[in-house]
**Q** 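What follows is a single structure, and I will ask about it in a moment.
For the single chain, residues carry numbers from 1 onward in sequence order. Side-chain atoms are counted along with the backbone in the values below, which use heavy atoms only and exclude waters and symmetry mates.
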Amino acid sequence: MTDAARPEKAVPSSPRRLRTVVAERLFARRDTTPTERSEEERRFYQQRLALMYKVGFILSATFAFVVVFVRGLIDGAVMRELHDPSRWCHLLATAFAGIHAWVLARRERSFRALAWLDSGGILVLAVLFALNSGLFRVRSVAVFNLVLTTGVIAVLRAVLVPSTARRTLTLGVVTSVLAIFVFFVSLHPAWPVDHRSQLAYWPLTHQVISLVMWLFALITTATVASRIIYDLRHEVHRAQKLGQYILGDKLGEGGMGVVYRATHAMLMRETALKLLRPERIDEDTLKRFEREVVQTARLAHPNTVAIYDYGRTPEGIFYYAMEYLDGLTVGELVEEQGALPPGRVVHLLAQVCGSLEEAHASGLVHRDIKPANVMITGRDGAYDLVKVLDFGLVKQIEPGNTSLALTGRNELTGTPMYMSPEAITTPADVGPRSDLYAVAALGYYMLTGTHVFERPTLVEVCAAQLHEQPERPSKRVAHPLPEALEDLLLRGLAKSPAGRPEDARTFRRALLDLDVPRWREEDAAAWWKARPRPSGTHASS
């Protein structure tokens, strides 16, 4: 069994230390995915082996070039260098490392094959370099190179290849024994280079002591390095697992938490995993976090992001797993496409209203409808399917309840460019029609490519929301727009909640009743398939 396939032993660690490692790992930017036990581990093992042989090839080839050609040209004896038998062992070792690097980079290998390429390759390289060193004509140089090449091979492998300390020590001892064997064989009368005459000025016992002590020091260094790297990698692996989920790439982050792409270890289902920032964990935040999960999980509308699971790791990291989405946010869509056709705007807004209709019927107000919280998927069979994200700011509607204990009394909760006037002046009074104001502002943005009120500061944006009338969308674009669609959006942007559509259902039906060119499923599929680059991947953050 290879080190990569062998289950790792638990690393002793205090809960405080482990929690720190977990938090630092999860809430830092990462560009790589975690190595898993099966296919991912095998791939990682092969990549590291290929890197080891590649580095070994480069180092060996550099030394060969300098020794054979540069030194040979300086001394005017290139052919003499090429006839030296030690150079041929060096060149054979260089070619051997290069071939291994090429073989490992060409196609995938099994764990068994990788184990042979690892251990067998190291032993062959050790023998070739030991013979190369033993054929040096000066005895002191021969011993020095024997120690150096054996130690470099051991340390290089320990640093680059995932391995237990025991395996590194075993290979180090074997390669050291081979080096010592070559050391003594080189004293035989039949050896191509006669070193016996040099023993007078450097006694054999001194050579043996130096050789053994230096090999011991280098192999010990390699073993310790392997242990530290292997254990750190194990801690990282543990930090990248939360409950039954294995973390992948970071998808996004916001004030509340960080979102990762993840895979359920048993179901092998891709999810988006949202983690609460540990520095923000207090009783109020935890209540809000748990409420977000419970309330969103109650919603089952196809245009609302689905919540799968919720939990807390032994290290104290809070998380929940939600539906993994492949597509674009409305903000990214408009940034990429510009103003959208009226038919597509109606198609997307109607789905947002459908999601809110269920939420409002359940007594929930979203409070933060905005381009970043509306996702549009782009996969087969679900082109332009809307998913409303991040119900983390929802407010439960309870008759007579004006308490904002979970969000802070009179605190502005939402995004100013999409906040209704009442959400700015009296946050405790927001209701379903506040969400409809945001929906209308979202439609305005999709239709024109601009926000309703674009001002240099948030204070000025809030002032405009309170006192200014929005400009007709048709004045923001160079082409005519359906007048009825403009009127409906401006109605949704009424300063008074009473002036807006009665509810999300009424708003949705008014959208679908408009006489605008329909955005068909074929149109959506054609748009997504014609995109110049693949769709992004996102989730609520």
Side-chain angles (χ1 to χ4, degrees), residues 259 269-274 289-310 320-331 333 344-398 414 418 430-443 446 488 492 500-514 518-519 521 524 537-541:
V259 181
R269 177 179 62 190
E270 279 194 316
T271 63
L273 205 67
K274 181 171 182 177
F289 186 72
E290 291 176 332
R291 183 185 63 169
E292 175 180 350
V293 178
V294 173
Q295 293 181 335
T296 307
R298 289 164 49 190
L299 304 176
H301 195 276
N303 294 125
T304 302
V305 66
I307 300 296
Y308 296 143
D309 190 17
Y310 162 76
Y320 70 85
M322 70 189 95
E323 181 180 7
Y324 176 76
L325 301 173
D326 184 0
L328 297 169
T329 65
V330 165
L333 175 62
R344 194 175 191 183
V345 173
V346 169
H347 176 73
L348 299 177
L349 280 187
Q351 295 181 71
V352 175
C353 289
S355 172
L356 292 176
E357 182 180 346
E358 182 201 31
H360 294 167
S362 299
L364 303 176
V365 178
H366 190 286
R367 294 168 62 99
D368 198 26
I369 295 295
K370 60 183 179 181
N373 277 341
V374 178
M375 187 83 181
I376 304 169
T377 63
R379 56 192 177 194
D380 290 340
Y383 293 114
D384 267 11
L385 175 67
V386 165
K387 291 286 185 176
V388 177
L389 311 177
D390 206 349
F391 275 79
L393 299 176
V394 293
K395 176 194 173 190
Q396 185 134 17
I397 306 169
E398 296 179 8
Y418 293 85
V430 298
R433 291 189 181 184
S434 296
D435 280 347
L436 300 188
Y437 184 95
V439 171
L442 182 70
M446 289 193 286
L488 180 58
R500 302 168 201 155
E502 182 180 352
D503 51 36
R505 178 182 178 83
T506 302
F507 202 159
R508 182 174 65 85
R509 293 182 68 90
L511 285 165
L512 296 177
D513 288 341
L514 291 173
R518 297 300 174 188
W519 181 258
E521 183 178 344
T537 51
H538 301 270
S540 166
S541 61

**Q** Out of curiosity, D326 CG to M375 CE, how far, rounded to the nearest 0.5 Å?
**A**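 D326 CG to M375 CE: 7.0 Å, rounded to 0.5 Å.
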**Q** May I ask you to decide if D368's main-chain N or O and N373's side chain share a donor-acceptor pair within less than 3.5 Å?
**A**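 Indeed, once roles are kept as given, a pair shorter than 3.5 Å links the two residues.
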**Q** Can you name the one residue among H347, R344, Q351 that meets side-chain hydrogen bond (donor to acceptor under 3.5 Å, both in side chains) with D384?
**A**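 Looking at H347, R344, Q351, the match for D384 under the side-chain hydrogen bond (donor to acceptor under 3.5 Å, both in side chains) is R344.
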**Q** Over all heavy atoms of both residues, which pair between L488 and P501 is shortest? Give the atoms and the distance, please.
**A**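 Smallest interatomic distance, heavy atoms only, reads CD1-CG, 4.5 Å.
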**Q** If I compare all heavy atoms of A272 with all of V259, which pair ends up nearest, and what's the gap?
**A**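 Smallest interatomic distance, heavy atoms only, reads CB-CG1, 4.0 Å.
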**Q** Please confirm whether the backbone N or O of E358 pairs with a side-chain atom of S362, one donor and one acceptor, at under 3.5 Å?
**A**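 A pair under 3.5 Å: yes.
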**Q** If I take atom CZ from residue F507 and atom CG from residue L436, how far apart are they, to the nearest 0.5 angstrom?
**A**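 So the gap between those two atoms works out to 6.5 Å.
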**Q** Does A321 offer a backbone N or O that forms a donor-acceptor pair with the side chain of D309 under 3.5 Å?
**A**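 A pair under 3.5 Å: no.
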**Q** Would you find a donor on one side and an acceptor on the other, under 3.5 Å apart, between the side chain of H366 and the backbone of H360?
**A**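 Between the backbone of H360 and the side chain of H366 there is no qualifying donor-acceptor contact (under 3.5 Å).
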**Q** Kindly give the heavy-atom pair with the smallest separation between T329 and P371, and that separation in Å.
**A**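 Taking T329 first and P371 second, the nearest heavy atoms are CB-O, 3.5 Å.
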**Q** Under a 3.5 Å distance rule, please check whether N303 uses its side chain to pair with a backbone N or O of V386 as donor and acceptor.
**A**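 Yes; judged by distance alone, with no hydrogens or angles, the pair exists.
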**Q** Under the side-chain hydrogen bond (donor to acceptor under 3.5 Å, both in side chains) test, which residues partner R505, sequence neighbours left out?
**A**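 side-chain hydrogen bond (donor to acceptor under 3.5 Å, both in side chains) check on R505 returns E357.
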**Q** Working to the nearest 0.5 Å, report the span between CG of D435 and CG of L356.
**A**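 These two atoms lie 5.0 Å from each other.
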**Q** Can you name the salt bridge (Lys or Arg N to Asp or Glu O under 4.0 Å) partners of D503, sequence neighbours left out?
**A**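 If we apply the salt bridge (Lys or Arg N to Asp or Glu O under 4.0 Å) test to D503, skipping adjacent residues, there are no hits.
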**Q** To the closest 0.5 Å, what do you measure between CD (E323) and OG1 (T271)?
**A**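 Here the rounded value is 10.5 Å.
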**Q** For R269, look at atom CZ and say whether over 12 heavy atoms of other residues, nucleotides or ligands are found less than 6.0 Å away.
**A**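 Result for CZ/R269: enclosed.
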**Q** Please find the pair of heavy atoms, one from Y418 and one from I369, that lie closest to each other, and give the distance.
**A**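 Between these two residues, the closest heavy atoms are CB-O, 3.4 Å.
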**Q** Should L299 and V388 count as side-chain neighbours, where that means a heavy-atom distance under 4.5 Å?
**A**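 They are not in contact (no side-chain heavy atoms under 4.5 Å apart), so the answer is no.
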**Q** Quick check for you: to the nearest 0.5 Å, what is the distance between L442 atom CG and L348 atom CG?
**A**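 Answer rounded to 0.5 Å: 8.5 Å.
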**Q** Work out which heavy atom in V439 is nearest to a heavy atom in C353; give both atom names and the distance.
**A**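 Where V439 meets C353 most closely, the heavy atoms are CG1-SG, 4.0 Å.
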**Q** What are the two closest non-hydrogen atoms of A350 and L512, and how far apart are they?
**A**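 Scanning both residues, the minimum pair turns out to be CB-CD2, 3.9 Å.
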**Q** Decide yes or no for L389 and L325: does some side-chain heavy atom of the first lie under 4.5 Å from some side-chain heavy atom of the second?
**A**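 In short, these two side chains touch, coming nearer than 4.5 Å.
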